[in-house]
**Q** 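Handing you this structure, nothing more for now.
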Amino acid sequence: MASTSRPSVSASAMSYLLLVMVRDYHEKGKAGKAQLEEMGAQLGARLAERYTKDRPRFTEHTEVVLWTCKEFWQETFGKRVDNLKTNNRGVYVLTDVAFKWMSGLRPFGGDTEEESWALMMAHADSYGAFAGGVVRGALESLGLRCSVSQEPTSQSAATATSIEEFKPLGCKFTVRLAAGLGFGGVA
Amino acid sequence: MVGLATFMIVSREDVPLYEADLGKGIEASSSAAQKRDDAAHLHQFVMHAAQDFVEERMWETNGMYLKLVDRFNDLYTYAWVTAGGCRFLLLHDARNEENVRSFFDEVHQLYLRVALNPFHTPRTPIENEVFDRRVRQAARRHFP
């Protein structure tokens, strides 16, 4: 095959893998979420190593965060972060209004609309835990010790279930840099 | 064939991940072997000492290749730092910055393959034989 394009992974294979993985760990409750987060961290560290290969090194926190919101998000989650906020004291909030990894989620399973919605959001939180882990792993491997928490968001009306009304879920990630962090290669 | 060179990889947290003596092949006589042993110790010592200079130089530039960071008699230490803070050090007795740069670039690729391997625990020594072989091949290719 005379293909010179970069090797790529099938998006649907990735979706199925995520789906099964999150579903299995979601059933383990809090421990499962912690495990998802840790797995994400290991993945994020590797991805960051790979994606930073051909660019100059970082010299500041903000450079790292900006790179994460743009190039890293683009490579990993298929688009850039939609909004970045900071309190200038080590807390950043990254908002993605249509998070790729949750794009297949719909309300499901419950007996009432509210239940289905709640089930969906609970699963979204597990996806978010994994993704948050990926972000944390990437940031930490670039020198920023931090903790990342997630909050799935929805732009649809509270109980919209029909395809036309339902908009894909988004996610907000809050990154808290470790206290007393001088930006450094030695964590 | 490389005259005298040792190559080392050190992680961000100062964990030595890999070390290779890339010098000429083993000679028959035992005194030569003894000399090589002493030389190996000296090389290791010089490279560890050079790490202080690497850490200083890291902050002065945002490039990965730090070029020559230290000099001890006729031994030159070159360094390359990845975005993740992992350091490659090469101790060489010749001054050829461009060859060293392309060597480091190639080793970075090899290192990435190891790092991306899900069965490799990060920040632990690299024991992969293929990696070792490929690093040595790269050395032979870049330092004829």
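In what follows, every chain begins at residue 1, and chains take the letters A, B, ... in the order their sequences are listed.
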**Q** When clusters are formed by joining ILVMFWY residues with side-chain heavy atoms under 4.5 Å apart, either directly or through shared neighbours, do B/Val15 and B/Ile9 land in the same one?
**A** yes

**Q** Check this for me: A/Lys100, atom NZ, are more than 12 non-hydrogen atoms of other residues, nucleotides or ligands nearer than 6.0 Å?
**A** no

**Q** Quick check: does any side chain N or O of A/Arg57 sit under 3.5 Å from a backbone N or O of B/Asn62, one acting as donor and the other as acceptor?
**A** no

**Q** Looking at every heavy atom in both B/Pro122 and A/Arg46, which two are closest together, and how far apart are they?
**A**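 Of all heavy-atom pairs spanning B/Pro122 and A/Arg46, the closest is CD-NH2, 4.1 Å.
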
**Q** Drop me the distance from B/Met58's CE to A/Thr59's OG1, to the nearest 0.5 angstrom.
**A** 11.5 Å

**Q** Hydrophobic clusters here meaning ILVMFWY residues chained together by side-chain heavy-atom distances under 4.5 Å, can you tell me if A/Leu105 and A/Tyr16 are in one?
**A** no

**Q** Flag yes if A/Phe99 and A/Leu17 sit in one hydrophobic cluster, no otherwise; membership is Ile, Leu, Val, Met, Phe, Trp, Tyr, and two members link when side-chain heavy atoms are under 4.5 Å apart.
**A**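 Different hydrophobic clusters.
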
**Q** So, the side chain of A/Arg50 versus the backbone of B/Leu112: is there a donor-acceptor pair under 3.5 Å, distance only?
**A** no

**Q** Heavy-atom pairs under 4.5 Å with chain B - which of A/Gln42, A/Glu49, A/Lys53, A/Arg55 has more of them than the others?
**A**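 Highest number of pairs under 4.5 Å: A/Lys53.
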
**Q** Assess whether atom CZ of B/Phe45 is packed by more than 12 heavy atoms of other residues, nucleotides or ligands within 6.0 Å.
**A** no

**Q** Given that the side chain runs from C-beta out, which part of B/Tyr111 has a heavy atom under 4.5 Å from chain A: side chain, backbone, both or neither?
**A** side chain

**Q** Could you tell me the separation between the CG atom of A/Leu43 and the CG atom of B/Leu116, rounded to the nearest 0.5 Å?
**A**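 A/Leu43 CG to B/Leu116 CG: 9.5 Å, rounded to 0.5 Å.
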
**Q** Would A/Tyr127 and A/Val97 show up in the same hydrophobic cluster when neighbours are defined by side-chain heavy atoms closer than 4.5 Å?
**A**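 Each belongs to a different hydrophobic cluster.
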
